[in-house]
Structures are given as structure tokens and as C-alpha cells.
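Residue numbers count from 1 along this sequence. What's counted below: heavy atoms across the whole structure, side chains too, no hydrogens, waters or symmetry copies.
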Amino acid sequence: SDLETDAANDEYNAAQNSPWPPEMRDSVWADRARVRHKMKKEIADYKELIEDIDDDELREFCVSIGAEGLMKMFQLSRSEIADMMGSR
């Protein structure tokens with residue numbers, strides 16, 4: 001769709017203006033595009049999970065793994081992301 005094309009163009013243009021060294025820009029942009037594509041394919045699973053989970057269960061889960069666990073969950077290293085993408 002046009003929105004997806006516009007978003008992709010905006011992301012590419014942002015990558016061109018990014019602080020990454022020029023020799024790394026294409027690699028960073030390609031990695032981001034791969035992650036985004038993979039997440040789009042899995043969005044139905046995420047939606048189902050969010051619809052099925054109770055707010056109290058979610059709160060309990062977040063408390064049980066703690067702030068450090070939540071931060072790690074959302075700040076994976078590049079190698080961990082590549083391993084996860086390769087295994088699915």
C-alpha cells in the first residue's frame with residue numbers, strides 16, 4: 001500500500017541521514033527492514049496474545065521478571081536478533 005511505501009521511504013531517508021558511518025548504513029537499514037518484515041508476519045500472534053491475556057496476568061508477569069528482565073527483553077543485541085530470526 002502507499003502507506004507502507006511511504007513508511008519504507010521515510011525509514012530509508014532517515015537511514016541516509018543517520019549517524020552511522022556510510023559503510024554501515026545499508027547494513028543497518030537492511031537489518032531493520034528484515035526485523036520489520038518478520039514482525040509484520042507475526043502480528044496476528046501478538047494480537048491474539050494481547051486479546052487473550054488478562055491485565056492482571058500481564059502485570060504479574062512484568063513484576064515477576066523485574067525491570068532488568070523487561071529491559072533485556074526490549075534491548076536485544078544484534079547477534080541475539082539474528083539468532084532469533086534464523087531459528088524461526
Side-chain angles (χ1 to χ4, degrees):
S1 76
D2 288 342
L3 287 176
E4 289 176 353
T5 302
D6 290 344
N9 288 339
D10 290 345
E11 187 170 340
Y12 180 78
N13 290 333
Q16 295 305 311
N17 297 322
S18 76
W20 293 100
E23 62 274 6
M24 293 179 66
R25 286 184 188 158
D26 288 342
S27 175
V28 170
W29 183 80
D31 289 346
R32 287 180 55 132
R34 274 195 293 275
V35 169
R36 201 166 101 176
H37 175 73
K38 181 162 183 53
M39 290 178 74
K40 276 186 170 186
K41 288 180 10 183
E42 295 177 351
I43 199 159
D45 296 335
Y46 295 124
K47 183 177 180 184
E48 184 179 324
L49 174 68
I50 294 301
E51 289 173 349
D52 291 347
I53 197 164
D54 180 336
D55 287 345
D56 291 330
E57 290 175 316
L58 180 59
R59 193 173 295 109
E60 184 179 322
F61 169 75
C62 292
V63 169
S64 72
I65 64 172
E68 189 172 317
L70 286 171
M71 285 186 349
K72 184 175 182 180
M73 187 182 302
F74 292 105
Q75 295 179 354
L76 298 174
S77 70
R78 183 177 179 178
S79 62
E80 287 178 282
I81 292 171
D83 288 346
M84 289 173 63
M85 290 185 65
S87 67
R88 292 191 181 198

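How far CG of D31 is from CG of D26: 11.0 Å, rounded to the nearest 0.5 Å.
Test D54, L58, I53 against D56 for side-chain contact (heavy atoms from CB on, under 4.5 Å) and you get one pass: D54. For the side-chain contact (heavy atoms from CB on, under 4.5 Å) criterion with K38, the lone passing option out of E42, K41, R36 is E42.
Considering only residues two or more places apart in sequence or on other chains, D55 meets the side chain to side chain donor-acceptor pair (under 3.5 Å) condition with none of them.
Within 6.0 Å of CD in E68 there are 12 or fewer heavy atoms belonging to other residues, nucleotides or ligands. Surrounding CD of E57 are more than 12 heavy atoms belonging to other residues, nucleotides or ligands, all under 6.0 Å away. Within 6.0 Å of CD1 in I43 there are 12 or fewer heavy atoms belonging to other residues, nucleotides or ligands.
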